[in-house]
Number of protein chains: 2
Amino acid sequence: MSSLKDIAAITGTSVRTVSRALNDNGYVKAALKIEILKVAKDLDYRINLMAQSLRTKKSFLIELVCPIGADYARNMPKVEAFEEKMREEGYRVSLFLLRDIENSLSKDMDVILCQNPSGIALFHFSKIDLMVKKLNDCNLPYITLGHTEKKIDKVGMDRKKGIQSALKHFQDKGRKRIAYLGNEKPKHYYGKVRLNAYLSYMKKAKLKPLILNIPTTKDNFNIARTIGKKVSLKTLPDGVLAYSDSAALGFMQGLQSRGVKFPEDISIIGFNASQAGEVSNPPLSTIAHPNEAIGTISAEILLAKIKGQKEPKAGWSRELPPVLLLREST
Amino acid sequence: MSSLKDIAAITGTSVRTVSRALNDNGYVKAALKIEILKVAKDLDYRINLMAQSLRTKKSFLIELVCPIGADYARNMPKVEAFEEKMREEGYRVSLFLLRDIENSLSKDMDVILCQNPSGIALFHFSKIDLMVKKLNDCNLPYITLGHTEKKIDKVGMDRKKGIQSALKHFQDKGRKRIAYLGNEKPKHYYGKVRLNAYLSYMKKAKLKPLILNIPTTKDNFNIARTIGKKVSLKTLPDGVLAYSDSAALGFMQGLQSRGVKFPEDISIIGFNASQAGEVSNPPLSTIAHPNEAIGTISAEILLAKIKGQKEPKAGWSRELPPVLLLREST
DNA sequence: TTGTATGCGTTATCAA
DNA sequence: TTGATAACGCATACAA
């Protein structure tokens with residue numbers, strides 16, 4: 001690997017001049033500059049980022065922290081959009097996998113911090129608040145991509161708007177008996193948000209709410225399928241808004257085995273745009289995360305923080321409208 | 001951020017001594033060492049990797065290059081295993097997304113190279129041979145995770161073994177009329193490998209080969225579904241080995257709509273363990289990539305290259321036996 | 001057992 | 001328009 005020194009030696013000039021020529025800062029005689037550029041090319045010169053960062057104290061490196069085993073099919077589109085924006089602005093993005101959060105989070109944080117990143121982006125994980133506290137202590141800008149209940153700066157989806165647009169879609173299609181398939185007594189924050197959005201919409205629309213209760217949050221698919229197999233065909237809704245895609249899919253399979261047709265008899269919309277919904281029969285309409293927007297906007301916010309812009313009155317966090325992905329189940 | 005200098009100043013000693021104490025190399029009086037460690041902790045000292053790398057000319061950084069829009073659900077398990085092995089050995093792994101390969105590959109390579117990585121790992125992309133050539137020129141160790149036809153060092157799946165184990169499974173279950181659902185005149189290397197593996201196994205087993213031809217490689221699902229809808233029920237096979245999961249799924253849907261039962265009437269196995277096959281009805285048996293092994297072993301090989309071990313007689317590349325993932329379609 | 005001095009490749013100050 | 005020189009934080013040869 002060649003360095004400025006090598007180029008200086010060959011061109012019979014000084015390191016400083018080579019630096020000036022290569023970085024286009026300061027005056028260099030035209031002919032000399034051309035020669036320096038040529039030699040640099042011949043030597044296949046590439047700047048040493050280590051040295052540059054050490055000297056300037058700016059790494060232009062963003063660590064993107066992601067817990068292992070995440071739903072990559074859902075997260076990576078966000079990462080791609082985030083990285084694209086960052087690269088446009090001259091930053092490199094490095095994905096850091098968080099493995100054993102319980103036992104080695106603080107060691108992992110050291111590894112992240114000792115690279116002197118310019119900023120940190122995070123996906124949600126269990127001890128994220130610990131990490132955020134540390135980042136604040138270090139005065140290191142951060143942003144979280146996607147959901148988390150904690151009081152931290154995040155760019156996520158506006159779930160209420162998602163529910164509303166789905167319900168409106170049902171109404172536009174003339175459906176009246178619109179049910180909510182999900183937990184009727186949600187413990188988690190986002191479960192409550194969804195249920196409340198449903199209830200308040202139904203109230204405003206003067207429609208009677210109907211809840212198909214899924215008691216737990218685990219194994220949605222099988223529970224929903226059982227519900228589909230047992231629910232009375234007489235009181236069947238004509239529109240179903242499901243808590244998740246897997247619940248929707250299970251419910252659909254359960255009823256299909258009894259001869260109910262989707263979407264002719266029942267129109268159904270899931271939540272979260274899982275891959276399974278793409279290839280189900282019929283393909284499932286779903287409320288999808290606005291992945292690109294989340295990626296791009298979280299990058300913009302992180303850049304604003306890095307550049308030292310002051311926090312907006314409304315705070316850094318943003319809730320973006322979701323995408324209603326209409327396929328063939330509605 | 002504090003440095004060795006800061007610690008030296010506080011403890012009234014020299015940078016050299018602090019370095020010795022922190023890195024456990026050389027003699028430091030026990031009491032002094034304890035004090036230094038304490039001060040380091042108080043200051044929340046973290047080594048500056050930029051400076052360390054600059055000095056030692058070793059970055060312990062692996063760039064993992066991945067084309068954008070890849071099948072992350074399939075690739076990330078490989079990445080996780082790769083990263084785990086690398087981290088055990090003290091290396092950091094950074095994911096580099098390749099966006100516009102046609103136009104900006106050489107610029108991207110510069111970005112990768114100017115970080116002075118210790119090694120490079122690659123997923124397959126269209127101009128991978130260009131990149132590999134450059135890496136060889138720079139004397140930078142690399143390994144490729146997964147398939148590629150090019151003559152480059154890779155760790156992939158032994159497709160022939162996969163086909164064989166699937167066909168053996170059919171035989172064990174007493175199936176005799178085993179068909180291959182795929183292109184009968186494959187243009188691509190791996191298409192040929194699969195077809196030939198099927199044909200030679202059938203020959204050896206003295207079974208009559210039967211090919212359900214999918215003429216193109218695109219839109220497998222719909223073409224296979226059409227085949228399923230039109231194929232004569234009289235000459236139906238009792239076992240089907242499909243070129244891909246989506247072909248298997250399409251074929252299954254086409255025949256299910258005509259009342260054929262899986263796996264009672266036909267046993268079917270796909271290829272590549274797509275997410276769709278997990279939630280199909282019935283869930284699809286499939287030949288899966290040995291992701292963990294590919295990740296771990298490619299890390300081991302790259303480490304061997306980095307450490308300057310000499311190439312084995314058989315070359316660096318490896319073909320690993322696949323995993324026959326038995327679900328409910330067989 | 002500890003300290004001094006040098007260099008890695010870059011940028012930046014200041015003088016020529 | 002150009003060039004010494006210092007400094008970033010660390011590792012190491014060598015001296016004490």
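- Counting heavy atoms from C-beta on, the side chains of A:E300 and A:R318 never come closer than 4.5 Å.
- Separating the CG atom in A:L113 from the CG atom in A:D108 is a distance of 10.5 Å, to the nearest 0.5 Å.
- Contact annotation: the side chain of A:F123 approaches that of A:V79 to within less than 4.5 Å [non-hydrogen atoms, C-beta and beyond].
- For the side chain to side chain contact (heavy atoms under 4.5 Å, CB included) criterion with B:E63, the lone passing option out of B:I120, B:L95, B:V111 is B:I120.
- With values rounded to the nearest 0.5 angstrom, A:D6 atom CG is found 6.5 Å from A:L43 atom CG.
- Distance B:N23 CG to D:dG9 C1': 13 Å, rounded to the nearest Å.
- Side chains of A:H188 and A:Y190 form no contact here, defined as non-hydrogen atoms less than 4.5 Å apart.
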Review item, side-chain donor-acceptor pairs of residues 138-146 of chain A, under 3.5 Å, at least two apart:
{"residue": "A:Y142", "atom": "OH", "partner": "A:D153", "partner atom": "N", "Å": "2.9"}
{"residue": "A:T144", "atom": "OG1", "partner": "A:D153", "partner atom": "O", "Å": "3.3"}

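- For the pair B:L22 CG and D:dA11 C1', the interatomic distance rounds to 13 Å; values are reported in whole Å.
- Looking at heavy-atom distances under 4.0 Å, B:N25 makes no contact with the nucleic acid at all.
- In this structure, of D:dC8, C:dT10, D:dC10, it is C:dT10 that holds the atom nearest to the side chain of A:L4.
- Summary of helix geometry: the two end axes of the helix from C:dT1-D:dA16 to C:dA16-D:dT1, each defined by five base pairs via their C1' atoms, are inclined to each other by 40° (rounded to 10°).
- Regarding A:K5, its NZ atom lies at a distance of 15 Å from the C1' atom of D:dG3, rounded to whole Å.
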Under 3.5 Å, which donor-acceptor pairs link side chains of residues 8-22 of chain B to any protein atom two or more places apart or in another chain?
{"residue": "B:T11", "atom": "OG1", "partner": "B:I7", "partner atom": "O", "Å": "2.8"}
{"residue": "B:T11", "atom": "OG1", "partner": "B:A8", "partner atom": "O", "Å": "3.4"}
{"residue": "B:T13", "atom": "OG1", "partner": "B:T17", "partner atom": "OG1", "Å": "3.4"}
{"residue": "B:S14", "atom": "OG", "partner": "B:R16", "partner atom": "N", "Å": "3.4"}
{"residue": "B:S14", "atom": "OG", "partner": "B:T17", "partner atom": "N", "Å": "3.3"}
{"residue": "B:S14", "atom": "OG", "partner": "B:T17", "partner atom": "OG1", "Å": "3.3"}
{"residue": "B:S19", "atom": "OG", "partner": "B:N23", "partner atom": "ND2", "Å": "3.4"}

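- Distance SG/A:C114 to CD/B:Q52: 8.0 Å, rounded to 0.5 Å.
- OP1 or OP2 of D:dT1 has not a single side-chain nitrogen or oxygen of A:K33 nearer than 4.0 Å.
- Near DNA chain C, meaning a heavy atom under 4.0 Å away, the residues from residues 36-61 of chain B are B:L54, B:R55, B:K57.
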Table of protein N/O atoms under 3.5 Å from nucleotides 2-5 of chain C N/O atoms:
{"residue": "C:dT2", "atom": "OP2", "partner": "B:K29", "partner atom": "N", "Å": "2.6"}
{"residue": "C:dG3", "atom": "OP2", "partner": "B:T13", "partner atom": "OG1", "Å": "2.5"}
{"residue": "C:dG3", "atom": "OP2", "partner": "B:S14", "partner atom": "N", "Å": "3.1"}
{"residue": "C:dG3", "atom": "OP2", "partner": "B:S14", "partner atom": "OG", "Å": "3.2"}
{"residue": "C:dG3", "atom": "OP2", "partner": "B:T17", "partner atom": "OG1", "Å": "2.6"}
{"residue": "C:dG3", "atom": "N7", "partner": "B:R20", "partner atom": "NH2", "Å": "2.9"}

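- Side-chain contact check for B:E102 versus B:S126: some heavy-atom pair is nearer than 4.5 Å.
- Under the salt bridge (charged side-chain N to carboxylate O under 4.0 Å, His left out) criterion, A:R99 pairs with B:E83, B:E84, sequence neighbours left out.
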